[in-house]
Amino acid sequence: MHISEGVLSAPVLVAGAAATAAGVGVGLTGMSDEDIPKTAIVSSALFVASLIHIPLGPTNLHLVLNGIGGILLGWQIFPAFLVALSLQAILFQFGGITVLGINTFNLALPAVASYYLFKLLLNFNRSDKELVLGGIALICGIVAVFLSTIMLAISLVFTNESFLEIAKLTVVSQLPLMLVEGISSAFIITFINKA
Amino acid sequence: MLDIDQYAYSNQLRQVHPVEKALFTFMTMLVCLVANSIITSLAVITLMVGVVIFKAEIPLQFLIKLLLLPISFLFLATVTVVITITNSGGDFLFYFNLFGWKIGVGAGSLIKALNLFLKSLGTVSCLYFLALTTPMVELLSILKRLKIPKIFIELMILIYRFIFVLLETANLIRVSQVSRLGYSSFKNSFYSLSKLVSNLFVRSYYRAKGLLTTLLARGYEGEIKVLEPDYEYSKKNFVLIFVAEILLIILTIYVGGGDFVIINT
Amino acid sequence: MSSSILKAEDIVFEYPNGTRALDCLSIDIEEGKKVAILGANGAGKSTLFLHFNGILQPDEGRIQFKGETVSYDNKFLKRLREKVGIVFQDPDMQLFSANVFQEISFGPLNLDLSDEEVENRVYEAMEVTETTDLKERPTHLLSYGQKKRISIADILAMKPEVIVFDEPTVWLDPKSSIEIVDFFNEINKQGITVILSTHNVDLAYSWADYIYIFAEGNIISEGKPEEVFQKQDLLDTADLIQPWIIEVYDHLIDKGVINSDTPLPNSKEELFTLIS
Amino acid sequence: MSSSILKAEDIVFEYPNGTRALDCLSIDIEEGKKVAILGANGAGKSTLFLHFNGILQPDEGRIQFKGETVSYDNKFLKRLREKVGIVFQDPDMQLFSANVFQEISFGPLNLDLSDEEVENRVYEAMEVTETTDLKERPTHLLSYGQKKRISIADILAMKPEVIVFDEPTVWLDPKSSIEIVDFFNEINKQGITVILSTHNVDLAYSWADYIYIFAEGNIISEGKPEEVFQKQDLLDTADLIQPWIIEVYDHLIDKGVINSDTPLPNSKEELFTLIS
């Protein structure tokens, strides 16, 4: 779920970069030495997962997994996504350098939301039953992708109103992705809980 | 796809100072974005493709394959600029009516879309130059010089390395799933994929623990320090870079494309 | 007359990065045999195995399964992968389900069998590999040896005609290695062709009916164990060493302890009966 | 009199999940020796190693380095990890950097040396491990054997007094295994105490000065190789087998080929000179 170089207007790019800088700042200040390897590896996993394509009709869906990333890393998902996207820009030309800020923001903020949502839902339901845990992760996974899609659409519309159509299309096309993401998140959380 | 990475280590510009390559990339990119002109964008694309093929000696076929990737993305984005939908008047090259709405190609929009398309492709070709000629280690050393926060660079070091490790893991899991017919129908593909992804994360989780152990064993105290390699600057290269940029700027002014508004579609 | 179960004819395979992993290699594996494939790391063994079940497609040449040329359409591949099972080196890469039962059922479930049949097969595979008591255990909490067993049960449950084991004894302690070799003999007796790759020359020598030696993407020698392991120069090329049984036998002949026309002993026990 | 370099006294260690990995274990490793630690998978070998450099802290008992009790403050740990190097099983777990030169420089840089000294050490370590030509290569494009060498250079560059190798020969082909054992002898001659864990009884038997046998979190036997490997019942408990040299020797004595008071041969070559 990337926006390519040169598509967005300058104000959107600058706003995205500023917001991402703030998020990365929050993420880095809360980071201990032991968190570095963890953040790095989860970020690598996000990178690798995003290389997995699901051919679906005429389009290709890429996994985003920001929901689970957020649950695992909290605010540290900001630096994690920033680095992962920088490397993607360099190694694959996905996205680009000027759109790094806005792309990171669109993925990482919903991830942080999913982190808090996960905590909140867990508080509601204190049982550590696998099913409950998986269910919560499923919801977080879906919500995170949904929010990212909406934010992506908003970035497009802010740039040029004629993008409205493609923005709507994007939201619809990401629906199956949300399902895959939700289920994967549920699997991952129940797995790690047992470990 | 990680062929880009392999070429970065084996191309003919490998020995050139990374700062020179980065300077060339970003100055050209800046000119391309600021110029906002079809002619300049074309010149930038030609320049970058030329350097990559003749100087770095990257096979043309491979570069074309790479360029086709963003082109498909860009095409989709530009289509939305070209097509205008309105229910009032409007200046159309051609259009058709649908329930009282006019759907068609606007007069100015075709030029606008072409400009957008070429400008994006121009910046992409700049980045390809950098990615194809400069290995990640050297890009990291540039970032260090730019005083990017240490912790950020440490993350990049680890992430870059573990991308390859996890990619290998993901591939091995996929192969063993395919061997057991994991993707033989739509339904089981869905199931197998979810398992693959969740396993990737679970493995990563253990990897993270293992990595911390091995780092601690080598005296890790919260900072990942590695020795930087030395490179020689070349005056000739700096001169060449500035000449190229100045020529591009002159071209831009000459064709009158430069209204110096950054990325205005 | 014995018949061929897997056959490769002049196959060439290059990885996208340009490494030529298989270089005009031909191999013909007989049905019902115990075959060992030896060679240094990176000699192309694993690449060949991935050709056997159609994961990789040769750039040149062709693969035959039971005399039929492998075609790469979904239908053929499905049948091929059902009949040719591969147990991979690292069980961690093969086990991806939450618990043992689910894990073993993954393969058979993809074969469009009835749920009942799947269940039967899972129980049977667990029994053969002596893992029935692990049934409900989460896979990532198993010991290495247990994971290895489960990874074998995974494949057995698909009822293949050939099983390929990629480096099965690496990491296993000596006792477990001996047990696993006994197990190979057992499934072989039930008619399954067993192919394994290994660095362990002693194991290959005593166990295999037929041996292939790989070096740099090609077979540099093949034959019965006692023939193959006498060619010291070929073993050197493949970074291998002689099995100790042959070394001791050669020495005993040199020193006149045993007669020079004594046939090569096939196992430790045979060697010991020669000494008297 | 020889002195102790690493000593564990009655250490108990339980993992958070409740597994008791070490159960009142004591061990005393002599400086300058070649020590092999044998035992089945999961016997606690790797857990002990992580106690040797203070990554894990025993629940009970204590560790001594050169007669000094290990304390778990940063200063002591830093010194301990400088002096006790561990080469882990899986080089992919250990290598984190994008290129070989940077990778090897990580350890020495943590020792607060000058950049020049670090560079010297990196070059030296690359020379000893014969990896100098890999200097600029990206880690992810190395072969398994090359990664293993780099993971050793990583530790050598820190100039430790003890190096612990966790299962160093697993995955290596026979030739590379022999090379790496020669290498252990070489660094041992330079005064480094070498400790290795292995499943390979033949290797342990011929190489080690002293052997420990682990089973279920404890040492069930220790001694010189020729003593330890004569106790068949203990080997059984630890899922180990006898080295073939001893088996052949025993047999030769049984059959009267060699004299019953002949000392146990230490190597293949010694065994062969006995036969005449």
Side-chain angles (χ1 to χ4, degrees), chain C residues 17 19 38-43 45 89-90 92 141-148 167 169-179 198-202 214-215 235-245 247-258 268-269 271-276, chain D residues 17 19 38-43 45 89-90 92 141 143-148 167 169-179 198-202 204 214-215 235-245 247-258 268-269 271-276:
Chain C
N17 64 15
T19 324
L38 289 136
N41 291 316
K45 294 168 287 175
Q89 286 182 347
D90 185 356
D92 271 334
L141 293 183
L142 301 175
S143 75
Y144 182 83
Q146 289 168 332
K147 283 182 187 167
K148 194 82 212 178
E167 299 280 359
T169 60
V170 159
W171 288 114
L172 290 178
D173 47 61
K175 272 280 164 58
S176 315
S177 296
I178 292 173
E179 279 169 23
T198 183
H199 286 150
N200 188 335
V201 287
D202 299 318
F214 266 54
L235 294 179
D236 278 345
T237 328
D239 287 347
L240 296 172
I241 53 172
Q242 267 197 335
W244 66 265
I245 293 179
E247 279 199 81
V248 172
Y249 163 87
D250 282 349
H251 213 81
L252 290 172
I253 285 183
D254 266 14
K255 299 287 162 144
V257 179
I258 56 174
K268 200 162 78 177
E269 288 72 25
L271 173 75
F272 290 160
T273 55
L274 290 183
I275 308 170
S276 58
Chain D
N17 65 14
T19 325
L38 288 138
N41 292 313
K45 293 168 288 176
Q89 286 180 346
D90 181 0
D92 269 329
L141 294 183
S143 73
Y144 180 83
Q146 290 169 331
K147 282 181 186 165
K148 194 83 211 175
E167 299 281 359
T169 59
V170 158
W171 291 115
L172 292 177
D173 47 61
K175 273 284 164 56
S176 314
S177 296
I178 292 174
E179 279 170 24
T198 183
H199 286 149
N200 188 334
V201 287
D202 298 317
F214 264 53
L235 294 178
D236 277 345
T237 327
D239 288 344
L240 296 171
I241 53 170
Q242 270 198 331
W244 66 265
I245 293 179
E247 280 199 81
V248 173
Y249 163 88
D250 281 350
H251 214 82
L252 290 172
I253 285 184
D254 265 16
K255 300 286 161 149
V257 179
I258 56 174
K268 198 162 80 180
E269 289 72 24
L271 173 74
F272 289 160
T273 55
L274 290 183
I275 308 169
S276 60

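Here is the naming used below: chain letters follow the sequence lines, and residue numbers restart at 1 for every chain.
- In this view, D/Asp92 and B/Arg161, B/Val165, B/Arg207, D/Asp90, D/Lys147 satisfy the side-chain contact (heavy atoms from CB on, under 4.5 Å) rule, not counting sequence neighbours.
- Note that CD1 of C/Ile178 and CD1 of D/Ile241 are 4.5 Å apart. Values are rounded to the nearest 0.5 Å.
- Both the backbone and the side chain of D/Val248 come within contact range of chain C, judged by heavy atoms closer than 4.5 Å.
- Atoms NE2 and CD, on C/His251 and D/Glu269 in that order, are 9.5 Å from each other to the nearest 0.5 Å.
- For D/Asp236, the parts lying near chain C are the backbone and the side chain together; criterion is any non-hydrogen pair under 4.5 Å.
- Counting heavy atoms from C-beta outward, C/Trp171 and D/Glu167 have side chains that approach closer than 4.5 Å.
- Note: D/Leu172 CG to C/Asn41 CG = 6.5 Å, rounded to the nearest 0.5 Å.
- Taken to the nearest 0.5 Å, the NZ atom of D/Lys255 stands 7.5 Å off from the OG1 atom of C/Thr273.
- The CG atom of D/Asp173 sits 5.0 Å away from atom NE2 of C/His199, with the distance rounded to the nearest 0.5 Å.
- Looking at C/Phe272, both its backbone and its side chain come within 4.5 Å of chain D, counting heavy atoms on both sides.
- The heavy-atom pair separating C/Pro174 from D/Asp239 by the smallest distance is CD-O, 3.7 Å.
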